[in-house]
Amino acid sequence: MKFLGISRQAVEEIISDRFLQSMDFEAGVAFADFLMGRLPTPKINSKLILYQFEDGCVIGVVPSGPSQYIVFDVEASGIFGGRYRPAEVLLHLQKTLRFCAKMWANLKPSSNERFLTTSTKAVVFPYPISQRTSVRVSLELSPDSKRLAKRGDEARFVLVYRCGTDDSGGPHEDVRVTNFRKFLEILPAINQSKITPTPEKPKITSISVTALDAPANKLEPYQGYERWRHLLTTRQKEFVDSELDAPHRIEGPAGTGKTLCLILKCITSLKNSKNMNREERALFVTHSDATRRSVQSVFETNDEDHFEDGEKNLSRQSLKIITLQQLCGELLRQDISESEFIDRDAMESKQLQLLYVHEAFVAAMKEDFPTHQRFLSPSFGYFLTNSDQWTAAEIIAHEISVIIKGRSEEKLDSYRKMPRLKYGLPVEEANDRSFVWQIFKRYQKQLQQSAQFDTDDIVLTTIGQLNTPIWRRRRLREGYDSIFIDETHLFNLNELSLFHHLPRQEASYPIAYSVDRAQAIGDRGWTDESFDHALTLSDDAPPFSKTEVISVFRCSPEIVDLAFSVTAAGATLFTNFNDPLRLANSTFTIAEERMCARPIQWLCDNDEVIIEGSFARAEKIARELNVPRGNIALVAFSDDLFKEMQLFVAARNKPVEILKERGDTEAVKRALIAGRYILTTPDYVGGLEFHAVMLLGVDEGRVPPAYTSESLDSRNFLSYASHNRLYVAITRARYRVEVLIERQRGASLLLKNAISNGLIDEAIFSGE
Ligand SMILES: Nc1ncnc2c1ncn2[C@@H]1O[C@H](COP(=O)(O)OP(=O)(O)OP(=O)(O)O)[C@@H](O)[C@H]1O
């Protein structure tokens, strides 16, 4: 193929068809293959029509009138050539077509697109700036102008003449038009065939293709099972359909459909069992009650067989959707009431837990430290005496949960031997650990005195009961044939090591689970292998499977880039920091891109201006996007700012709904109905999504918090957790991210990379 011409209507169609945005869909693969000359007649989209000629092809739509055209000189530009991978070829095409569509509609170019002044040329950079490729596509906006001017036709065509890493001849180079003229020669034939279609005409063949409609890229999860089957990407489909006989992980960045796929996999497995009249007890475990409710509502709209009622109806297939805490309660045959339970996902109990740890820490420093001090390693001693007390309490709470309760099963001997978390409490020696143990014991005493348990207490008791001959016999009747765990990165080792007791058959592990390590707040020490090991606790478990999903449905390309720059900054600082967005790409269609704006950071004079400004901006965005206020979340990145926000809201009677537990979709629904904004902190936005997210106080000294801490270890911990929090908060947004910071403090270190790479604009806030 020497040239490829695409009419304006066909351009609109190609940039709007969700299946043509990524190689994750069959049509996307077929289209890339066609562009690369590997597939002569692709099946891509029912509205597009392909005309093939000896020297090239033209894509139009039916019916079509006289049109503007973009023409690729395939031969000279090498844009679809063998040096690029198919995914890159598709990206080159999509980005170049988007530029043309905008230009034809007189819209402003984006930062990746540039008109070259004093010439009729333009350049498109198809890759995000953060990827640091210098590949560019060069376009001539008035090709063969003298000749076409005579025909009055010069404004109708754009010619793509180069794709490479340099500008070669610069803005005034003469562009070769040999292949472009070949295109012009055949153009009348298309117009004729359009008036009287003549299939017999020797050189023109028209191919119409698969009849799939082209909805927006991102869809609400409530589509119904059958419809979803047509909408999933190839990788998603593979995960959903594969047999579950060994642990199977679905891993990918936020918004890639992990939860959805886990739900569909569960339904598929139960459906297959139903068709084969095979018994199947399925278990779906969520991290919190709020996510359980939202998962349940997705099941309700997609599970037409109502498997959840299976047990009640004595059917051979049944499904239980449950939190880990509720599951433990059931296995222990004992209800654990909310007041007895310290739920890490609920704001009040999390604060209570921190309060207990803080008290235990202060008491231990007063009473135990003087005698322990001379046995402690110098660096740990320094950490204890030079860290801000609340920061130290936060790190110790993390140590208690992840290491003492999570990995050492509350046994001092195993704790003494445990390696430290790289970005956790800086314990060096056994004596350091003994001192931490004193704090832990004080903390436990607090819990006992207030008659409360945390998840680890409950899980450890349950594991104790499962590791008995009674359960081993009962599991044949009460065990599960398939187990699905959502947001596995939020669990700790204890919690995960409960699951291998649950399959009906011993030494079988039908467990599917979803992971995005960058969303786990604080270092949990998870590596690739540790998940699988924690779930089986066996060296001779069957081989594990892993599906990586990379197409981000939730977020715009600009937001994916911004989140990418935050995790990339983390990856250079922390060697074990997961960078899930490395390969990710947004699948937004042009219609969705039109709702987007570049992320912006507003510089405000003080916190009052940040708070007032956030409401003013939120109001403006709600109007612009024409959406209810509940689609906009205001996320305060420091406790003080959050408190000030609450006072402001009370004083000014502002319409807000405050999120008090992680992933609370019920609160979001209430906000949507009542016309209120969502107000929260980064710890509670996980599992939710919004049209726009306003991030307040992401500035130097607050993210990560500076406090008065001298210790490098506490700074590292806070920095690590801040990366997680910012990543989670940014990836909640579909179309808009706006950051409001105090001007005197300046930008957060976590965003400096994004600012210098032009991924986020900066402006002084002056009103709206
Ligand atoms: N193939 C698809 N086509 C269209 N929309 C999709 C597809 N897969 C998922 N989505 C949509 O993308 C959104 C994100 O899905 P989901 O919440 O399952 O992602 P996730 O990876 O679990 O995200 P997070 O890690 O942030 O919780 C949902 O609204 C879902 O309906």
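Residue indices begin at 1 and follow the sequence shown. We use all heavy atoms of the structure for the numbers below, so side chains are in, but hydrogens, waters and symmetry mates are not. As the structure lists them, so they are numbered: ligands from 1, and atoms in each ligand from 1.
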Peer 1: Kindly confirm or rule out an N or O of Gly687 lying under 3.5 angstrom from an N or O of ligand 1.
Peer 2: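 There is no such contact.
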Peer 1: State yes or no: are the ring centers of Phe491 and His287 separated by less than 6.0 Å?
Peer 2: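 They qualify: ring centres under 6.0 Å apart.
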Peer 1: Which atoms of ligand 1 sit under 4.0 Å from any heavy atom of Thr259?
Peer 2: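 Counting atoms of ligand 1 from 1, those under 4.0 Å from Thr259 are 18 (O), 22 (O).
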Peer 1: Between Glu220 and ligand 1, which residue portion shows a heavy-atom distance shorter than 4.0 Å: side chain, backbone, both, or neither?
Peer 2: backbone
Peer 1: Between Trp228, Phe553, Tyr222, flag the one that comes closest to atom 12 (O) of ligand 1 by a heavy atom.
Peer 2: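 It is Phe553 that holds the nearest heavy atom.
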Peer 1: Report yes if some N/O of Ala254 lies less than 3.5 Å from some N/O of ligand 1; otherwise report no.
Peer 2: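 No; the residue has no nitrogen or oxygen that sits under 3.5 Å from a nitrogen or oxygen of the ligand.
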Peer 1: Tell me every residue that passes ring pair (Phe, Tyr, Trp, His ring centres under 6.0 Å) with Phe284, counting only those two or more places apart in sequence or in another chain.
Peer 2: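 Ring pair (Phe, Tyr, Trp, His ring centres under 6.0 Å) list for Phe284, sorted by chain: Phe299.
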Peer 1: Run the side-chain hydrogen bond (donor to acceptor under 3.5 Å, both in side chains) check on Ser551 and Thr233 step by step: do they pass?
Peer 2: CA-CA 8 Å; Ser551 292; Thr233 68; 5.7 Å; no
Peer 1: Arg732 heavy atoms, cut-off 4.0 Å: which ligand 1 atoms fall inside?
Peer 2: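 Going through ligand 1 atom by atom, the ones under 4.0 Å from Arg732 are 26 (O).
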Peer 1: Can you tell me if Asn302 uses its side chain to pair, donor with acceptor, with the backbone of Gly224 under 3.5 Å?
Peer 2: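 Yes: the side chain of Asn302 pairs with the backbone of Gly224.
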Peer 1: With Asp664, which residues qualify under salt bridge (Lys or Arg N to Asp or Glu O under 4.0 Å), at least two apart?
Peer 2: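 If we apply the salt bridge (Lys or Arg N to Asp or Glu O under 4.0 Å) test to Asp664, skipping adjacent residues, the hits are Arg293.
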Peer 1: Considering Lys258, Glu689, Arg18, which one's heavy-atom position lies nearest to atom 4 (C) of ligand 1?
Peer 2: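 That would be Arg18.
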Peer 1: Quick one: does NZ or CZ of Lys265 land under 6.0 Å from the six-membered ring centre of Phe484, within 45 degrees of the ring axis?
Peer 2: no
Peer 1: Under a 4.0 Å threshold between the charged nitrogen and the carboxylate oxygen, would Glu220 count as salt-bridged to Arg734?
Peer 2: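 Yes, this pair counts.
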Peer 1: I'd like to check whether Asp516 has a polar contact with ligand 1, where a contact means an N/O of the residue lying under 3.5 Å from an N/O of the ligand.
Peer 2: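 No, since none of the N or O atoms of Asp516 sits under 3.5 Å from an N or O of ligand 1.
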Peer 1: With respect to atom 9 (C) of ligand 1, which of Leu232, Val515, Leu260, Val552 exhibits the smallest heavy-atom separation?
Peer 2: Leu260
